[in-house]
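This report refers to the structure that appears directly beneath it.
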Amino acid sequence: MLKTRFAPSPSGFLHIGSVRTALFSFLHASHHQGSFVLRIEDTDEARSSKQSIDAILEGMQWLGLKWDEGPFYQSQRYDRYRDLANHLISEGKAYRCYCSKSDLTKLREEQIAQGKNPGYDGRCRDRIEPEPGIDPVIRFRTPDVGDVSVNDLVRGLVKIDNEMLDDLIIMRADGVPTFHFAVVVDDSDMGITHVIRGDDHLSNTAKHLHIIEALGFDRPQFAHLPMILGEDGVRLSKRHGALNVLDYRQQGFLPAAVLNYLARLGWSSGDQEIFSLEQLIKLFDVSDVNASAAKFDPDKLLWLNQQYILSSDPENLLPGLIDQFESLGMDIKNGPNPIDVIISFRERAQTLRDMAASAAYLYTDEIELEAAAAKKHLRPAVKEFLQIARDRFVNLELWEAEVIRKEVQSVAEQHEINFGKIGQPLRVAVTGGGVSPPIDLTLELVGQARSISRLDKALSYIEQRIASA
RNA sequence: GCUCCCUUCGUCUAGCGGUAAGGACGCGGCCCUCUCAAGGCUGAAACACGGGUUCGAUUCCCGUAGGGAGCACCA
């Protein structure tokens with residue numbers, strides 16, 4: 001069975017670049033009815049943390065990237081790595097190295113000074129006697145000559161000379177394996193058939209291939225994904241521009257939009273832009289992924305998010321919108337049904353956060369008039385019309401958009417003015433600003449009592465203007 | 001420095017030897033319109049450069065340039 005894995009190290013949040021790697025691994029496995037494994041690479045004990053693990057799991061769950069096996073933790077498999085490392089020593093394929101860090105630093109400095117490729121020179125290879133008082137590391141005996149090649153699913157044939165490789169450390173002095181060793185062992189033990197990862201590992205693959213061979217394991221297939229670059233063309237990383245996936249949730253993005261956006265970075269299917277997860281599973285294959293890096297475009301993500309908001313069932317948007325109301329400190333009991341907000345605001349919201357923020361005037365008793373909008377639309381000339389509209393609103397028994405619209409329309413007709421002449425002042429009066437859904441709908445959502453009291457305030461604002469003129 | 005990888009509109013991409021180089025985001029215009037959007041139509045906008053191969057190169061090969069990655073007791 002085809003099996004892929006996502007193997008993050010829990011040394012920080014789950015960022016958007018990692019998510020794409022996870023997505024592609026998930027999609028490739030799902031497409032081929034395979035299995036998707038989640039493995040936590042926590043061998044760097046100093047940098048790993050429980051919070052990071054939780055953030056990764058939460059992010060995966062939010063996105064709906066379900067794993068079939070795991071999460072497995074490397075920190076729970078140390079015995080296995082140790083056994084295999086000792087086995088390699090017994091076969092002469094690895095050896096203990098007693099060099100101190102300062103010796104190694106010195107060696108590296110000398111090599112760089114001589115213009116050589118820095119690397120371990122193998123000075124402990126033939127050492128028989130242990131060095132008392134020193135905990136040795138275990139190094140893998142890398143072939144000195146020849147080359148290795150990988151037929152990468154996205155990069156094609158890549159060849160690396162063994163001369164470029166040195167005897168890398170596979171077990172640290174404290175008995176903890178290094179990444180290069182643990183990855184190889186785990187991928188084999190867990191039956192991973194397709195290793196899909198970032199292309200920062202492309203060069204490392206040569207090392208892994210040697211270890212795989214020494215251990216007598218089967219080679220998996222490799223697919224190295226191009227990096228995602230920031231707007232400045234520099235690789236996205238936790239330190240540089242990449243956001244925690246959970247920040248996207250906080251900013252009001254939908255998981256489906258984030259996934260769809262990421263899928264289209266380095267992959268496409270004809271001219272199609274919008275893909276459901278089901279469609280992605282049906283269409284995706286890693287071998288179709290591009291080899292070149294892509295820049296992250298926040299504008300396109302925003303556009304996609306709006307497309308998803310527009311086409312989602314309002315019920316499905318509700319929990320996210322309510323979260324936004326809460327985080328903005330808005331009280332949903334103090335205003336209209338949020339479902340109605342979704343229906344009337346979705347065309348003008350790119351994120352759920354935008355939507356919640358722009359509906360603020362629906363959930364508060366008092367609003368502020370925006371100075372510029374008020375100055376422009378609440379002028380003495382409109383006072384008469386606003387007053388008439390206000391008086392008619394008081395007498396309305398049914399406060400519904402259609403009825404409201406007829407009232408406003410008839411005021412406009414009786415006074416032979418354009419609908420807009422009265423619509424815009426009404427909008428500013430009841431929302432405080434110049435932008436909102438159609439005025440009839442807006443008035444309905446604001447509510448009769450609030451609309452009237454806000455009109456009263458607007459009228460007194462105009463009177464003040466007349467008085468001070 | 002050494003090694004590996006990458007290179008089509010500003011951005012994401014289609015293209016797989018012969019195309020008016022297509023789509024999407026963004027940008028401009030028009031339409032719709034009570035505002036803002038959404039929607040429709042439309043415009044500007046690209047094959048990094050130099051050599052080959054070929055009747056013919058965006059497409060294949062080799063350089064150059066630019067960008068990215070790796071060379072840790074990090075992953």
Side-chain angles (χ1 to χ4, degrees), chain A residues 7-11 41-44 46-48 74 97 99 101 104-105 108 111-112 114-120 135-139 152 155-156 158-161 163-166 168-174 176-180 182-183 197-207 224 226-227 229 231 233-235 261 264-274 290-304 306 310 345-350 358 373 377 405 408-409 412 418-428 431 433-440 442:
Chain A
S9 67
S11 57
E41 308 218 320
D42 53 354
T43 54
D44 185 351
R47 289 205 256 175
S48 297
Q74 291 185 324
C97 168
C99 296
K101 284 186 189 176
L104 297 174
T105 311
R108 193 171 303 122
Q111 289 167 328
I112 291 171
Q114 289 168 35
K116 287 197 247 174
N117 190 36
Y120 185 64
D135 288 330
V137 299
I138 299 176
R139 285 185 185 273
D152 191 272
R155 294 308 164 91
V158 177
K159 196 176 81 175
I160 291 171
D161 286 334
E163 280 178 48
M164 296 310 303
L165 276 18
D166 64 357
L168 70 154
I169 293 172
I170 56 176
M171 292 295 279
R172 296 188 272 234
D174 59 4
V176 173
T178 59
F179 161 76
H180 297 299
V183 173
R197 58 184 12 169
D199 79 0
D200 44 341
H201 289 307
L202 184 56
S203 314
N204 289 331
T205 306
K207 300 171 191 170
H224 287 93
M227 307 267 83
L229 276 22
E231 291 171 85
V234 177
R235 175 193 174 193
Y261 178 73
R264 282 286 289 99
L265 238 38
W267 177 86
S268 63
S269 178
D271 286 341
Q272 191 173 341
E273 293 289 348
I274 306 215
N290 285 157
S292 51
K295 281 187 191 165
F296 190 87
D297 181 3
D299 284 337
K300 190 157 184 182
L301 208 211
L302 243 14
W303 172 79
L304 258 176
Q306 177 164 37
L310 242 21
F345 280 70
R346 59 183 165 187
E347 279 118 28
R348 63 216 94 218
Q350 293 192 299
S358 59
H377 296 288
R405 183 180 172 79
V408 178
Q409 212 146 28
N418 292 331
F419 192 96
K421 186 104 178 176
I422 174 119
Q424 198 59 2
L426 278 172
R427 173 171 287 110
V428 175
T431 72
V435 175
S436 85
I439 192 61
D440 49 349
T442 302

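Throughout, protein chains are lettered first and strands after them, A, B, ... in sequence-line order, and every chain is numbered starting at 1.
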Under 4.0 Å between a side-chain N/O of [X] and OP1 or OP2 of [N], yes or no?
{"X": "A:S268", "N": "B:rA14", "answer": "yes"}
{"X": "A:Q272", "N": "B:rG23", "answer": "no"}
{"X": "A:T43", "N": "B:rA75", "answer": "yes"}
{"X": "A:R108", "N": "B:rA72", "answer": "yes"}

ask   = If you pin A:S203 and A:V137 to their nearest nucleotides in RNA chain B, which one's is more 5'?
value =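 The answer here is A:S203.
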ask   = Taking for each residue the nucleotide of RNA chain B with the nearest heavy atom, is it A:L229 or A:D44 whose nucleotide lies nearer the 5' end?
value =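 On the 5' side of the pair lies A:L229.
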Give the nucleotide from the list [options] with an atom nearest to the side chain of [X].
{"X": "A:K300", "options": "B:rC4, B:rC71, B:rG23", "answer": "B:rG23"}
{"X": "A:K101", "options": "B:rG26, B:rC73, B:rC12", "answer": "B:rC73"}
{"X": "A:Q306", "options": "B:rA72, B:rA75, B:rA37", "answer": "B:rA37"}
{"X": "A:K295", "options": "B:rA24, B:rU11, B:rA75", "answer": "B:rU11"}
{"X": "A:L265", "options": "B:rC71, B:rC12, B:rG26", "answer": "B:rC12"}
{"X": "A:N204", "options": "B:rG70, B:rC4, B:rU35", "answer": "B:rG70"}
{"X": "A:N290", "options": "B:rA14, B:rA38, B:rU11", "answer": "B:rA14"}

Rounded off to whole Å, could you give me the [atom1]-to-[atom2] distance for the [X] and [N] pair?
{"X": "A:R348", "N": "B:rG39", "atom1": "CZ", "atom2": "P", "value": "12 Å"}
{"X": "A:I169", "N": "B:rC73", "atom1": "CD1", "atom2": "C1'", "value": "4 Å"}
{"X": "A:M171", "N": "B:rC73", "atom1": "CE", "atom2": "C1'", "value": "11 Å"}
{"X": "A:L304", "N": "B:rU11", "atom1": "CG", "atom2": "C1'", "value": "13 Å"}
{"X": "A:M164", "N": "B:rA72", "atom1": "CE", "atom2": "P", "value": "10 Å"}
{"X": "A:L301", "N": "B:rU13", "atom1": "CG", "atom2": "C1'", "value": "16 Å"}
{"X": "A:I160", "N": "B:rA69", "atom1": "CD1", "atom2": "P", "value": "16 Å"}
{"X": "A:W303", "N": "B:rC12", "atom1": "CH2", "atom2": "C1'", "value": "11 Å"}

Hey, does [X] reach any base, or is it just sugar-phosphate, or nothing, if we go heavy atoms under 4.0 Å?
{"X": "A:G433", "result": "nothing"}
{"X": "A:G119", "result": "nothing"}
{"X": "A:A294", "result": "sugar-phosphate"}

ask   = Got a sec, which residues hit ring-ring contact (aromatic ring centres under 6.0 Å, His included) with A:F296, two or more places apart in sequence or on another chain?
value = A:Y261
What N/O pairs connect the protein and nucleotides 32-34 of chain B at under 3.5 Å? Give each pair on its own line.
unit_1: B:rC34; atom_1: O4'; unit_2: A:G420; atom_2: N; d: 3.4
unit_1: B:rC34; atom_1: O2; unit_2: A:R427; atom_2: NH1; d: 3.2
unit_1: B:rC34; atom_1: O2; unit_2: A:R427; atom_2: NH2; d: 3.0
unit_1: B:rC34; atom_1: N3; unit_2: A:I439; atom_2: N; d: 3.1

query = Taking all atoms of both residues into account, what is the closest heavy-atom pair of A:Q74 and A:A182, and its distance?
reply =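 Taking A:Q74 first and A:A182 second, the nearest heavy atoms are NE2-CB, 3.4 Å.
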query = Which heavy atom of A:C97 sits nearest a heavy atom of A:R139, and at what distance?
reply = SG-NE, 3.3 Å
request  = Quick one: pull up NE2 in A:H224 and CG in A:N204 and give me the separation to the nearest 0.5 Å.
outcome  = 8.0 Å
B:rC30 to B:rU35 separation - P atoms, rounded to the nearest Å =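 Comparing P positions in B:rC30 and B:rU35 gives a spacing of 15 Å.
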Nearest-angstrom distance, C1' atom, B:rA48 to B:rU42 = 31 Å
request  = For the pair A:R197 and A:T205, evaluate side-chain contact (heavy atoms from CB on, under 4.5 Å) and give the outcome as yes or no after the intermediate values.
outcome  = CA-CA 11 Å; A:R197 58 184 12 169; A:T205 306; 3.3 Å; yes
Between the protein and nucleotides 5-8 of chain B, list the N/O to N/O atom pairs that are separated by less than 3.5 angstrom.
unit_1: B:rC5; atom_1: O2'; unit_2: A:R155; atom_2: NH1; d: 2.3

Go ahead and name the base partner of [N]; Watson-Crick or wobble counts if both distances stay under 3.5 Å, otherwise write none.
{"N": "B:rG70", "result": "B:rC2"}
{"N": "B:rG63", "result": "B:rC49"}
{"N": "B:rC16", "result": "none"}
{"N": "B:rC25", "result": "B:rG10"}
{"N": "B:rC36", "result": "none"}
{"N": "B:rA57", "result": "none"}

query = Any donor and acceptor pair, going by atom type alone, linking the side chain of A:Q424 with main-chain N or O of A:G434 inside 3.5 Å?
reply =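 A pair under 3.5 Å: yes.
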key: A:Q306 side chain vs A:E347 backbone, donor-acceptor pair below 3.5 Å   =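 Yes, because the side chain of A:Q306 sits within donor-acceptor range (under 3.5 Å) of the backbone of A:E347.
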key: N/O donor-acceptor pair, side chain A:E273 with base B:rG23, under 3.5 angstrom   =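 Checked by distance alone, the answer is yes.
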Would you say [X] and [Y] make side-chain contact, with heavy atoms under 4.5 Å?
{"X": "A:Y120", "Y": "A:I169", "value": "no"}
{"X": "A:V408", "Y": "A:I422", "value": "yes"}
{"X": "A:R155", "Y": "A:P226", "value": "yes"}
{"X": "A:L265", "Y": "A:K300", "value": "no"}
{"X": "A:T178", "Y": "A:T43", "value": "no"}

